[in-house]
Amino acid sequence: MKNKLEAIQKEFSERLSTAVSPDKLEELKVAYLGKKGELTSILKGMGQLSPEERPIVGQMVNAVRAEMEKSLSEKAEMLKSEEMAKKLEAEKVDVTMPGKTKKAGSLHPINQISDEMKDLFIGMGYEIADGPEIEFDYYNFEALNLPEGHPARDTQDTFYITEKMLLRTQTSSVQIHVMENKKPPIKIICPGKVYRADNVDATHSPIFHQIEGLVVDKGVTMGDLKGTLEVYAKHMFGPETKIRLRPHHFPFTEPSAEVDVSCWTCGGKGCRMCKGEGWIEVLGCGMVHPDVLRRCGIDPEVYSGFAFGIGVERTAMARFGVTDMRQFFEGDTRFLSQF
Ligand code: DAH
């Protein structure tokens, strides 16, 4: 019996030494210490022993059992710490490695300028109006005194979706929407995209941005228009800036003017920026044509108004000293991150 126990114990130690996973340990436990295990079967066979032998063998079995349990739990401990060491090694963090930084984006320069102008006009009591970029011919041309066949349409050719629908060429179309839906007093600006069949070069793009302004009320005069534009020019180009109104023709205003500001680079002396002129054109404006008012159900005998249209790209180029408009649309972050 003693020999048998020793053989079992030897076999157990050999198997234990090659067990390398908790599963294998569990297997050994069942095989030797379980209900149908080797030790239990010896205990079951004790009935055949003599009464003197029984307690001795019983003690031996118990000692072997205790020994086996101890070895099993020691081995389990060992496996666990080996596992932990492996895991720590695998998850090792090198705190001296350079960190990953997140690049923060910023507002596009066109949006920055647009937002700045919005803030300025909101500060003067204007509301923001909105209109569709896909527009009816009526709003973009006809209601603005540009009937079919009008020669001034040629300078604003665009993409026609149908005979009567097009990509708007000017935000002036929003004037009509606003006046159809609201009666004076009206004081709005409308920032937005416009489209023209222009070839791309340093100062032209088939898509660009305008800010339209419209004020209609009793007793609005050209003096109000000029004062407003002076505030705009000084705010955008510096407090020393002067403005100059040159007579011009826009079909939807009468009288009309183009507005120049004194050159922000040379202060009006003449330089490369202003091509030696001392002045730079920044917008078109005028007093809303009586026919336009009438068409929208506003009586020109009672009300008058002024309107203006500012080019956002042009203003942004001036402010940031950009000489090629294409850079605003190319999406090159090396350019954009400068603003
Ligand atoms: N819509 C004109 C353009 O794109 C600019 C303009 C001129 C707008 C005179 C106006 C205005 O509101 O009164 O060339």
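Values in this document were obtained by computation on a predicted structure and should not be read as measured data. By convention here, the first residue in the shown sequence is residue 1.
More than 12 non-hydrogen atoms from other residues, nucleotides or ligands lie less than 6.0 angstrom from CG of L49. Annotation for Q338: atom CD counts as buried by contact number, over 12 foreign heavy atoms lying within 6.0 Å. Enclosure of atom NZ in K275 is not indicated, since only 12 or fewer non-hydrogen atoms of other residues, nucleotides or ligands lie within 6.0 angstrom. Environment of CG in N199: sparse, with no more than 12 heavy atoms of neighbouring residues, nucleotides or ligands closer than 6.0 Å.
Between the side chain of T315 and the backbone N or O of G311 there is at least one donor-acceptor pair closer than 3.5 Å. Between the side chain of E212 and the backbone N or O of C190, no donor-acceptor pair lies under 3.5 Å. Listed for the E258 side chain is no donor-acceptor partner under 3.5 Å among the backbone atoms of L283. At least one donor-acceptor pair closer than 3.5 Å links the side chain of K187 to the backbone N or O of M124. For K75 (side chain) and L16 (main-chain N/O), a donor-acceptor pair under 3.5 Å exists by modelled atom type. When atom types are taken as modelled, the side chain of D115 and the backbone of Q112 share no donor-acceptor pair closer than 3.5 angstrom.
Qualifying side-chain contact (heavy atoms from CB on, under 4.5 Å) partners for K218, counting only residues two or more places apart in sequence or in other chains: V302, Y303. When the side chain to side chain donor-acceptor pair (under 3.5 Å) test is applied to R334, the partners found at least two apart in sequence or on another chain are D332. Here E313 pairs with H209 under the side chain to side chain donor-acceptor pair (under 3.5 Å) rule; sequence neighbours left out.
A donor atom on one side chain and an acceptor atom on the other are not found under 3.5 Å apart for E14 and S17. Side-chain atoms of T96 and D94 form a donor-acceptor pair, as typed in the model, at a separation below 3.5 Å.
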Would you sort out whether K242 and E230 count as a salt bridge (charged side-chain N to carboxylate O under 4.0 Å, His left out), showing the intermediate values?
CA-CA 7 Å; K242 294 185 194 61; E230 246 163 26; over 6 Å; no
Please assess T155 against R196 for the test side-chain contact (heavy atoms from CB on, under 4.5 Å), listing each intermediate value before the final yes or no.
CA-CA 9 Å; T155 59; R196 289 187 196 179; 5.9 Å; no
Go through the steps for E53 and S50 under the test side-chain hydrogen bond (donor to acceptor under 3.5 Å, both in side chains), then give the verdict.
CA-CA 5 Å; E53 280 175 316; S50 67; 3.2 Å; yes
Carefully, step by step, assess V261 and W279 under the rule side-chain contact (heavy atoms from CB on, under 4.5 Å).
CA-CA 6 Å; V261 297; W279 297 93; 5.6 Å; no
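Proximity of K29 to E26: side-chain heavy atoms (C-beta onward) are separated by under 4.5 Å at one or more points. Within the 4.5 Å cutoff, the side chain of I310 has no heavy atoms near those of the V282 side chain. Side-chain contact between D201 and H204: present, with at least one pair of heavy atoms (C-beta onward) separated by less than 4.5 Å. Taking the side chain as every heavy atom from C-beta outward, V231 and L120 approach each other to under 4.5 Å. Considering only heavy atoms from C-beta on, M165 stays 4.5 Å or farther from D137 through its side chain. Two residues are said to be in side-chain contact when any heavy atoms from C-beta on lie closer than 4.5 Å; F329 and S205 meet this criterion. Counting heavy atoms from C-beta on, the side chains of F252 and S172 come closer than 4.5 Å. The side-chain heavy atoms of P247 and S256, taken from C-beta on, include no pair separated by under 4.5 Å.
Ring-plane geometry between F12 and Y32 is classed as perpendicular, the angle between the planes exceeding 60 degrees on a 0 to 90 degree scale with a lower cut at 30. Ring-plane geometry between Y126 and F121 is classed as perpendicular, the angle between the planes exceeding 60 degrees on a 0 to 90 degree scale with a lower cut at 30.
Chaining together hydrophobic side chains whose heavy atoms lie under 4.5 Å apart places F208 alongside V194. M84 belongs to a hydrophobic cluster whose other members, connected by ILVMFWY side-chain contacts under 4.5 Å either directly or through intermediates, are L88.
With respect to the salt-bridge test (charged N to carboxylate O, under 4.0 angstrom), the residues R244 and D260 qualify. Residues D324 and R326 are paired through a salt bridge, judged by an N-O separation under 4.0 Å between the basic side chain and the carboxylate. Ion pairing between a basic and an acidic side chain is recognised when a charged N comes within 4.0 Å of a carboxylate O; E281 and R314 show such pairing. E180 and R295 are not joined by a salt bridge, as no carboxylate oxygen comes within less than 4.0 angstrom of a charged side-chain nitrogen.
Within the structure, every pair that satisfies the ring pair (Phe, Tyr, Trp, His ring centres under 6.0 Å) test and touches residues 133-176, not counting sequence neighbours, is listed here: Y139-H177.
Note that the CD1 atom of I42 and the CG atom of L5 stand 4.0 Å from one another [nearest 0.5 Å].
In the hydrophobic clustering of ILVMFWY residues, with side-chain heavy atoms under 4.5 Å counting as a link, W264 and V312 come out together.
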